[in-house]
Amino acid sequence: MTTLSTLTLGQGAGDAPYTDAELDVIADNVAPMHGGPNTPRLLTGPGGLAVTEDGVVQVPPGFDWVADRGHRNDPGPDTRDVAVTTRSDGVGCVHPGITAWAIARGWPTDQHGRPVNPRHTQLLADPRIGLCTGLGPSWRWGEQVVTDAVAVADGHVALIDRDTPHDGTIPALPGGFAEPQDFGLTCGDWTTGHRPVTPAGIVANALRELGEETGIATPDGSTLRIVREIRPVSSPHTLNAWTVVYTVLVVLPTRQSIPDGFRARWTALDTFDTVLPTMWGDHRNALITALDQVQRGL
């Protein structure tokens with residue numbers, strides 16, 4: 001099994017600011033949820049947020065997205081970060097390891113030690129965007145790894161049915177949030193800020209999600225390649241919790257049967273002119289990028 005990394009850098013990748021065109025896409029992504037969490041989005045205009053002499057971002061209260069999610073009350077220490085309410089007096093802090101991790105990544109932190117999206121100045125200045133604050137519906141503070149798997153075999157690609165709140169059921173790539181075990185770590189590691197991101201962990205996340213959502217196994221002889229990195233902004237993201245999304249190309253030696261019970265199917269590549277327009281824009285672009293790698297012969 002071969003793992004290679006040849007990234008196509010998309011919106012927000014690396015240290016690049018968002019372009020005007022990317023901000024247009026982000027504005028479209030967040031539009032359906034304006035007012036959705038019943039919390040106003042923080043907007044600053046071009047002046048940005050106040051920053052202390054020692055570089056701490058001052059986040060005003062009143063914009064926290066307090067998600068009503070039952071899983072936050074589930075038992076199990078360290079499985080999720082603890083929410084910290086925004087206060088102007090700075091009372092209440094995240095685990096110091098999370099603050100140290102954010103600083104080591106080069107991200108700003110706020111008066112509670114929470115990571116702050118490094119492109120917050122752009123996002124809060126744009127009147128079409130803005131962000132809620134706090135943990136929101138996320139399980140973890142800061143940047144969370146998400147992968148999309150493009151599994152290809154014999155001129156077909158594996159797609160799943162994804163139920164969405166605004167577009168109904170649409171074809172989508174298998175994928176989802178990384179878990180500590182994908183990187184050989186524990187929940188306790190992540191809770192205390194030990195969250196290294198490695199190519200092997202990214203690929204492990206993609207293969208786990210591929211198996212869970214399609215039943216497809218990845219045998220020896222498969223070729224694996226991380227082909228894309230983006231930092232999108234959409235409705236579930238907050239100032240303090242966002243994602244980086246990697247596309248992982250999985251070229252299988254043969255096309256396997258998808259077991260019963262999975263909402264998944266193999267789709268012939270020569271039918272994509274009708275499939276692509278019905279997919280999320282990010283998934284569409286991820287798929288195009290991955291298939292371009294296939295056409296180039298990897």
Side-chain angles (χ1 to χ4, degrees), residues 7-8 10-13 22 25-26 28-33 36 69 137-139 144-179 182 202-218 222 224-237 242-252 255-294:
L7 292 179
T8 296
Q11 57 179 271
E22 290 167 349
V25 172
I26 290 170
D28 287 340
N29 288 343
V30 303
M33 280 296 289
R69 299 285 294 274
S138 298
W139 286 23
Q144 300 159 84
V145 171
V146 175
T147 61
D148 295 321
V150 180
V152 178
D154 301 329
H156 291 70
V157 65
L159 297 179
I160 64 170
D161 290 330
R162 180 79 75 194
D163 296 328
T164 71
H166 306 295
D167 302 312
T169 301
I170 61 174
L173 296 172
F177 282 85
E179 297 179 359
D182 296 329
I202 293 168
V203 170
N205 174 206
L207 299 187
R208 177 179 57 77
E209 291 286 351
L210 177 65
E212 289 177 355
E213 296 191 338
T214 69
I216 294 172
T218 308
S222 303
L224 312 175
R225 174 172 287 182
I226 304 170
V227 298
R228 186 170 181 255
E229 171 194 330
I230 65 170
R231 286 176 175 81
V233 177
S234 60
S235 53
H237 297 162
W242 63 96
T243 60
V244 56
V245 182
Y246 295 96
T247 303
V248 177
L249 173 63
V250 182
V251 182
L252 300 167
R255 180 156 53 105
Q256 307 166 25
S257 297
I258 294 177
D260 293 340
F262 289 91
R263 299 175 65 195
R265 62 196 175 280
W266 288 105
T267 302
L269 297 180
D270 58 12
T271 66
F272 265 42
D273 286 345
T274 58
V275 174
L276 284 174
T278 65
M279 301 179 73
W280 280 326
D282 282 347
H283 280 203
R284 183 166 56 244
N285 292 333
L287 186 54
I288 290 170
T289 300
L291 295 181
D292 180 66
Q293 291 286 320
V294 174

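Residues F272 and T267 meet the side-chain proximity criterion, which asks for heavy atoms closer than 4.5 Å. A 4.5 Å side-chain heavy-atom check between H237 and N29 finds every atom pair outside the cut-off. Residues T218 and V250 are in side-chain contact: their nearest non-hydrogen atoms beyond the backbone lie under 4.5 Å apart. The shortest side-chain heavy-atom distance between P171 and R265 falls under the 4.5 Å cut-off. Between Q293 and V150 there is no side-chain heavy-atom pair separated by less than 4.5 Å.
Scanning both residues, T214 and P174, for their nearest heavy atoms gives CG2-CG, 4.0 Å. Scanning all heavy atoms of the two residues, the minimum distance from W266 to Q256 falls at NE1-O, 2.6 Å. The heavy-atom pair separating H156 from D154 by the smallest distance is ND1-O, 2.9 Å.
Distance check: I216 CD1 to R255 CZ gives 10.0 Å after rounding to the nearest 0.5 Å. For the atom pair CZ (R228) and CD1 (I230), the distance works out to 4.0 Å, reported to the nearest 0.5 Å. Atom CG of L291 sits about 8.0 Å away from atom CG of L249, to the nearest 0.5 Å. Taking CG from L269 and CG from L287, the interatomic distance works out to 8.0 Å, rounded to the nearest 0.5 Å. With rounding to the nearest 0.5 Å, the separation of CG in L224 from CG in L252 is 8.5 Å. Residue L159 holds its CG atom at 6.0 Å from CG of L173, rounded to the nearest 0.5 Å.
Salt bridge status for R231 with E22: absent, with no side-chain N to carboxylate O gap under 4.0 Å.
Results of the side chain to side chain contact (heavy atoms under 4.5 Å, CB included) test with V146 over N205, V244, V245 single out V245 as the only residue that passes.
Looking only at distances, no side-chain donor or acceptor of E209 sits under 3.5 Å from a matching main-chain atom of A149. At least one donor-acceptor pair closer than 3.5 Å links the side chain of D182 to the backbone N or O of E179. Put simply, the side chain of D292 never gets that close to the backbone of I288: no donor and acceptor are under 3.5 Å apart. The backbone N or O of M279 sits less than 3.5 Å from a side-chain atom of R284, completing a donor-acceptor pair.
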Worksheet item: Given H283 and I170, is the side-chain contact (heavy atoms from CB on, under 4.5 Å) satisfied, shown in steps?
Response: CA-CA 11 Å; H283 280 203; I170 61 174; over 6 Å; no

